[in-house]
Amino acid sequence: MPKPPATRPRPAALPALSPTTLLAVTGGQLVAAPRTSPESGGRAAPEPGGRAAPEPGGRTAPEPGGRTAPEPGRRAAPEPRRRTAPEPGGRTAPEPGRPAASEDVRRWAGRREERRAVRRAPTNPYLRLLATPGARAFTAGNLIARLPMGMLGVSAIIMIAGSRDSYALAGAVTATGLAATAVVAPFTARLVDRFGQARIAVPATALAVLGSLALVLCVHYDAPAWTLFAAYAATATTPNTGGMSRARWAHLHRGDQAALHTANSFEQAADELCFMLGPVVAATLCGALFPEAGTLVGAFLLMTGVLVFAAQRTTEPPPTPRNRTAVSPLRTPGMPALLAVFLATGAVFGALEVVSIAHAGGAILALQAAGSCAAGLLYGSLRPARNVHRRLLLCLTAMTALMSLPLLAASSTASLPVLALCLLLAGAATAPTMVTGMTLVQRATPPGQLNEGMTLSVTALLGGVAAGAAGGGWLVEHTGTVSGYAAPMSAAALALTVAAAGAFRRRPE
């Protein structure tokens, strides 16, 4: 039998050599001999403080932290891209070494949002105006409070004349209330500028409503005549809601002349609409219900509208405390000439109203107001004028020319449709004139006194209405209704002359 191969004995492990012995063996050259450990299975143990030696096959042992040490002379493999954890708030933290998002991208996104907002904005200037935050709420309250302005005077005349059988007494009472308003209204507006619209308008309106209710009681219980004058004079504290609304537009769109031009046109059209509908509503209520109905409904609407208007505090202009150096807007350069223009323009309205009522009845006046309302809305959609003084002269020239049409129609024909058409055309110039004049008043008035400045212009307008009504009535009584139409044309020519003189003294814009 063959003998089994003899097995070689396994060599014993070499003892650990010292550095001196290694130098002797290798001929004086120091060779880095890896230390072995029996626990590593023959692999080289890493030196203290150094990297692991490469394993057989070219692979490298992983470094601490999970990275793999590159082989000598070879580039390290690119690390896999990590996903970044989202920061608090939903943002993603940028990777280490990478820049943040570019500012150009952010600006481009912002411009895109602006372009989308512009495309979504309405193209109609009045819709853009009413899209202002809070504008619709205070406009609704202002329209409710403004409608009684055209109701209370007519209602008082109908109520007093019906109970006392005297139009002279009724006219004297309303004239006294108008004169008291001309005196008290500027002081009320000054308080509104100083303490705020809500703090002054609400108690002032409450006092005016109490005056209207006192007038109703005096008429109903047949009180002495002097009580009628005292009660109606108490209504002079009614705040100028149109001026407060224009002040809010000026506060919301300060610096935007196009928006202010549209806002002034809208407010003037609202004035014409309320003064056109107010007398009709008052006459209907007094005739269909009872003589005091017009005054009671007007007082209720006035208080309700002012409360709704004053409740919109976000659009209210901040109050401006009065200092010692502040002067009245009446002393502002250019303001006296503007107030004289408003005085003459009011005479146009007053004379035209009295003469038209005497010639053809009061219903025909609605056409003049309708023409003014339509012209005001159309005028507001146009671009604002660069030279407002020149635009005012053009408007007054057009008004003077158009006011000659009723005189020509009344003197040449007795046809009422022709006269109605002429009144419709004559009213087309009044609203643009008022809008342009109000724009100049706003520019001439200091920012903290807008209510007072615009109330002064309304006071001048009311004084002109009273003077024009008196002049037109005198002409109708002494020369007839046909010649009476010369009064509004003459008043328009006077307004043009005053405006031309004032513009000639001022420097051009």
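Position 1 is the first residue of the sequence, and the numbers go up from there.
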For Glu452 and Arg194: C-alpha separation, side-chain torsions, deciding distance, then whether salt bridge (charged side-chain N to carboxylate O under 4.0 Å, His left out) applies. CA-CA 10 Å; Glu452 184 178 356; Arg194 187 182 303 181; over 6 Å; no
I'd like to check [X] versus [Y] (side-chain heavy atoms, cut-off strictly below 4.5 Å). Are they in contact?
{"X": "Arg246", "Y": "Leu260", "result": "no"}
{"X": "Thr345", "Y": "Met399", "result": "yes"}
{"X": "Val458", "Y": "Met438", "result": "yes"}
{"X": "His389", "Y": "Thr436", "result": "no"}
{"X": "Phe138", "Y": "Leu252", "result": "yes"}
{"X": "Gln442", "Y": "Asn264", "result": "yes"}
{"X": "Val202", "Y": "Leu307", "result": "yes"}
{"X": "Pro406", "Y": "Leu419", "result": "yes"}

Does the pair Thr430 and Ser372 meet the rule for a side chain to side chain donor-acceptor pair (under 3.5 Å), with working shown? CA-CA 6 Å; Thr430 57; Ser372 181; 2.8 Å; yes
Could you check whether atom CZ of Phe290 has more than 12 heavy atoms from other residues, nucleotides or ligands sitting under 6.0 Å from it? yes
Using a 6.0 Å cut-off, check whether atom CZ of Arg199 has over 12 heavy atoms from anything other than its own residue. no
Give, for atom [atom1] of [X] and atom [atom2] of [Y], the distance between the pair rounded to the nearest 0.5 Å.
{"X": "Leu147", "Y": "Asn142", "atom1": "CG", "atom2": "CG", "value": "11.5 Å"}
{"X": "Thr237", "Y": "Ile200", "atom1": "OG1", "atom2": "CD1", "value": "11.5 Å"}
{"X": "Met403", "Y": "Leu408", "atom1": "CE", "atom2": "CG", "value": "13.0 Å"}
{"X": "Leu496", "Y": "Thr400", "atom1": "CG", "atom2": "OG1", "value": "5.0 Å"}
{"X": "Met434", "Y": "Ser457", "atom1": "CE", "atom2": "OG", "value": "7.0 Å"}
{"X": "Leu423", "Y": "His359", "atom1": "CG", "atom2": "NE2", "value": "9.0 Å"}

Would you name the heavy atoms of [X] and [Y] that are closest together and state the gap between them?
{"X": "Ala259", "Y": "Leu129", "answer": "O-CD1, 3.9 Å"}
{"X": "Val498", "Y": "Ala340", "answer": "CG1-CB, 3.7 Å"}
{"X": "Ser404", "Y": "Met489", "answer": "CB-SD, 3.5 Å"}
{"X": "Ala250", "Y": "Leu450", "answer": "CB-CD1, 3.6 Å"}
{"X": "Glu316", "Y": "Ala198", "answer": "OE2-N, 3.2 Å"}
{"X": "Ala398", "Y": "Ala429", "answer": "C-CB, 4.1 Å"}

Any donor-acceptor pair under 3.5 Å from [X] side chain to [Y] backbone:
{"X": "Gln197", "Y": "Met244", "answer": "yes"}
{"X": "Ser163", "Y": "Met159", "answer": "yes"}
{"X": "Ser245", "Y": "Thr241", "answer": "no"}
{"X": "His261", "Y": "Thr439", "answer": "no"}

Applying side chain to side chain contact (heavy atoms under 4.5 Å, CB included), run through Leu392 and Leu440 and close with a yes or a no. CA-CA 9 Å; Leu392 179 62; Leu440 288 174; 3.6 Å; yes
With side chain to side chain donor-acceptor pair (under 3.5 Å) as the criterion, how do Tyr485 and Ser356 come out once you've worked through the C-alpha distance, each side chain's angles and the decisive distance to 0.1 Å? CA-CA 8 Å; Tyr485 277 110; Ser356 297; 3.2 Å; yes
Please walk me through it: do Ser483 and Leu475 pass side chain to side chain contact (heavy atoms under 4.5 Å, CB included)? CA-CA 7 Å; Ser483 301; Leu475 283 177; 5.9 Å; no
Let's go through Thr181 and Thr459 carefully: what are the C-alpha distance in whole Å and the side-chain angles of both, what is the deciding distance for side chain to side chain contact (heavy atoms under 4.5 Å, CB included) to 0.1 Å, and is it a yes or a no? CA-CA 8 Å; Thr181 301; Thr459 302; over 6 Å; no
For His253 and Thr262, test the side chains for any donor-to-acceptor distance below 3.5 angstrom and give the result as yes or no. no
Only one of Ile160, Thr174, Ile157 forms a side chain to side chain contact (heavy atoms under 4.5 Å, CB included) with Leu169, so which one is it? Ile160
As a test of understanding, state which of Thr238, Leu302, Thr295 forms a side chain to side chain contact (heavy atoms under 4.5 Å, CB included) with Pro148. Leu302
Cation-aromatic face contact Arg248/Phe309, 6.0 Å, 45 degrees: yes
Going by the angle between their ring planes, with limits at 30° and 60°, are Tyr126 and Phe266 parallel, tilted or perpendicular? tilted
Result of checking Asn240, Asp193, Thr445, Thr188 against Asn451 for side chain to side chain donor-acceptor pair (under 3.5 Å): Asp193
